[in-house]
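Owing to the predicted nature of the structure, the values given are computational and were not obtained by experimental measurement.
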Amino acid sequence: MNTTIISDASVLIVFDKIGRFSLLQKVFGRLLTTEEVAREFGKLLPEWIEIKTVPSAKTLQMQRRLQLDVGESSVFVLAENYPECTILIDENKGRSRAKELGYHRIGSLGILARAKRQGIIQAIRPFVEMIQRTNFRVSDSVIEQVLAEADE
């Protein structure tokens, strides 16, 4: 995959919680994120996730403009340097802002669907069940839609 992938903390946290962090590398190869997201994640990130510095003043401006948290805002500041990027993000408000700004976006369940399409995993359902045992919230209708699209 030759498009730039930029991750927010939510996706990193979900895949860490289910013990499948390496799945992100298998699906995307290399990821970019920001120092703000790395701090929000709270653990050492592997070398295949490159941490970029973005101007804090610009992040604050973005935060006020988009009414998002500092991590999400920093991701959008970084994305300005990669117009064709895909943003990994789960929160509804952040996903809506990404769409408004014209960025491709994919959430944790979409990543699982992509992993299945790429033949990296056999089924999405076991991973969805692991995610449901965390504090990650996703509606039953979204889960049903993703599973239906994956013929599960």
Peer 1: Under a 4.5 Å cut-off applied to non-hydrogen side-chain atoms, are L112 and V27 in contact?
Peer 2: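 The answer is no, as the side chains (C-beta and beyond) never meet within the 4.5 Å cut-off.
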
Peer 1: What pairs meet the salt bridge (Lys or Arg N to Asp or Glu O under 4.0 Å) rule with one or both residues in residues 21-41, with sequence neighbours excluded?
Peer 2: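 Residue pairs passing salt bridge (Lys or Arg N to Asp or Glu O under 4.0 Å), neighbours aside: R30-E50.
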
Peer 1: I want to check something: taking the side chain as every heavy atom from C-beta on, are R97 and F76 in contact at a cut-off of under 4.5 Å?
Peer 2: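 With C-beta onward as the side chain, the pair touches.
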
Peer 1: Hey, are the side chains of M62 and E72 touching, using non-hydrogen atoms and a 4.5 Å cut-off?
Peer 2: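 SC-SC contact between M62 and E72 ruled out.
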
Peer 1: With a sphere of 6.0 Å drawn around CD of Q122, does it hold more than 12 non-hydrogen atoms of other residues, nucleotides or ligands?
Peer 2: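 No, the 6.0 Å shell around CD holds no more than 12 heavy atoms from other groups.
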
Peer 1: Taking C-beta and beyond as the side chain, do I106 and I89 meet within less than 4.5 Å on heavy atoms?
Peer 2: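 SC-SC contact between I106 and I89 ruled out.
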
Peer 1: Other residues, nucleotides and ligands only: do more than 12 of their heavy atoms fall within 6.0 Å of CD on E84?
Peer 2: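 12 or below, so no.
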
Peer 1: What I'd like to find out is whether the side chain of D8 reaches to under 4.5 Å of the side chain of L88, using heavy atoms alone.
Peer 2: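 Of all side-chain heavy-atom pairs linking L88 with D8, none is under 4.5 Å.
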
Peer 1: Out of curiosity, does V11 fall in the hydrophobic cluster containing I121 (side-chain heavy atoms, cut-off under 4.5 Å, transitive links)?
Peer 2: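 The answer is yes; both residues are in one hydrophobic cluster.
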
Peer 1: Any chain of hydrophobic side-chain contacts (each under 4.5 Å) joining V70 to L68?
Peer 2: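 As far as the 4.5 Å side-chain criterion goes, L68 and V70 are not connected within one cluster.
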
Peer 1: Check whether any side-chain N or O of S108 sits under 3.5 Å from a backbone N or O of F15 as a donor-acceptor pair, and report yes or no.
Peer 2: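 No, S108 side chain to F15 backbone: no donor-acceptor pair under 3.5 Å.
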
Peer 1: Charged N to carboxylate O under 4.0 angstrom, D90 versus R95?
Peer 2: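 Looking at R95 together with D90, the answer is no, because their closest N to O distance does not fall below 4.0 Å.
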
Peer 1: How far apart are the closest heavy atoms of G29 and W48, and which atoms are they?
Peer 2: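 The pair with the smallest heavy-atom distance is O-CE3, 3.7 Å.
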
Peer 1: Ignoring hydrogens and geometry, is there a side-chain-to-backbone donor-acceptor pair from R105 to A98 under 3.5 Å?
Peer 2: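 No: the side chain of R105 does not pair with the backbone of A98.
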
Peer 1: Let's go through N81 and T4 carefully: what are the C-alpha distance in whole Å and the side-chain angles of both, what is the deciding distance for side chain to side chain contact (heavy atoms under 4.5 Å, CB included) to 0.1 Å, and is it a yes or a no?
Peer 2: CA-CA 10 Å; N81 297 313; T4 301; over 6 Å; no

Peer 1: To the nearest 0.5 angstrom, please state how far the CD atom of Q118 sits from the CD1 atom of I111.
Peer 2: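 These two atoms lie 11.0 Å from each other.
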
Peer 1: For the CD atom of Q145 and the CD atom of E149, what is their distance to the nearest 0.5 Å?
Peer 2: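 It comes to 4.5 Å.
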
Peer 1: Would you indicate whether N92, at its atom CG, is surrounded by more than 12 heavy atoms from other residues, nucleotides or ligands within a distance under 6.0 Å?
Peer 2: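 Counting neighbours around CG of N92, 12 or fewer heavy atoms of other residues, nucleotides or ligands fall under 6.0 Å, so no.
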
Peer 1: May I ask you to decide if K52's main-chain N or O and T34's side chain share a donor-acceptor pair within less than 3.5 Å?
Peer 2: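 Here the side-chain-to-backbone pair does not exist.
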
Peer 1: Salt bridge check, K58 against E80: does any charged N sit closer than 4.0 Å to a carboxylate O?
Peer 2: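 Yes, E80 and K58 are salt-bridged.
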
Peer 1: Group every Ile, Leu, Val, Met, Phe, Trp and Tyr by side-chain heavy-atom contacts under 4.5 Å, then state whether I120 and I18 land in the same group.
Peer 2: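 Same cluster: I120 reaches I18 through Ile, Leu, Val, Met, Phe, Trp or Tyr contacts under 4.5 Å.
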
Peer 1: List the atom of A115, the atom of L23, and the distance in Å for their closest heavy-atom pair.
Peer 2: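 Looking at all heavy atoms of both residues, the shortest contact is CB-CD1, 4.3 Å.
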
Peer 1: CG of L12 to CG of L45: how many Å apart, nearest 0.5 Å?
Peer 2: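 Going from the CG atom of L12 to the CG atom of L45 covers 6.0 Å.
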
Peer 1: Taking all atoms of both residues into account, what is the closest heavy-atom pair of S73 and T59, and its distance?
Peer 2: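 That closest heavy-atom pairing would be CB-O, 3.7 Å.
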
Peer 1: Please confirm whether the backbone N or O of I5 pairs with a side-chain atom of T86, one donor and one acceptor, at under 3.5 Å?
Peer 2: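 Answer holds: no.
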
Peer 1: Can you give me the closest heavy-atom contact between P55 and V77, atom names plus distance?
Peer 2: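 Where P55 meets V77 most closely, the heavy atoms are CD-CG1, 4.2 Å.
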
Peer 1: Measure from the side-chain N and O atoms of K99 to the backbone N and O of G94, and report whether any donor-acceptor pair falls under 3.5 Å.
Peer 2: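 Not a single qualifying donor-acceptor pair exists.
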
Peer 1: In the structure I gave you, are the side-chain heavy atoms of I49 and L32 within less than 4.5 Å of one another anywhere?
Peer 2: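 No; the side chains remain at least 4.5 Å from each other.
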
Peer 1: Within the 4.5 Å heavy-atom criterion, are D16 and K43 side-chain neighbours or not?
Peer 2: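 The answer is yes, as the side chains (C-beta and beyond) meet within the 4.5 Å cut-off.
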
Peer 1: Kindly compute the distance separating CD (E152) from NZ (K116), expressed to the nearest 0.5 Å.
Peer 2: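 Going from the CD atom of E152 to the NZ atom of K116 covers 3.5 Å.
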
Peer 1: Contact between F136 and S10 at the side-chain level, heavy atoms closer than 4.5 Å - yes or no?
Peer 2: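 They are not in side-chain contact.
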
Peer 1: What are the two closest heavy atoms between I124 and A150, and how far apart are they?
Peer 2: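 For I124 and A150, the tightest heavy-atom pair comes out as CD1-CB, 3.3 Å.
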
Peer 1: Provide the closest heavy-atom pair for S7 versus V75 in the form atom of the first, atom of the second, distance.
Peer 2: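 Nearest pair, atom of S7 first, then V75: O-CG2, 3.7 Å.
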
Peer 1: Can you tell me how far the OG1 atom of T33 sits from the CD1 atom of I51, to the nearest 0.5 Å?
Peer 2: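 So the gap between those two atoms works out to 7.5 Å.
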
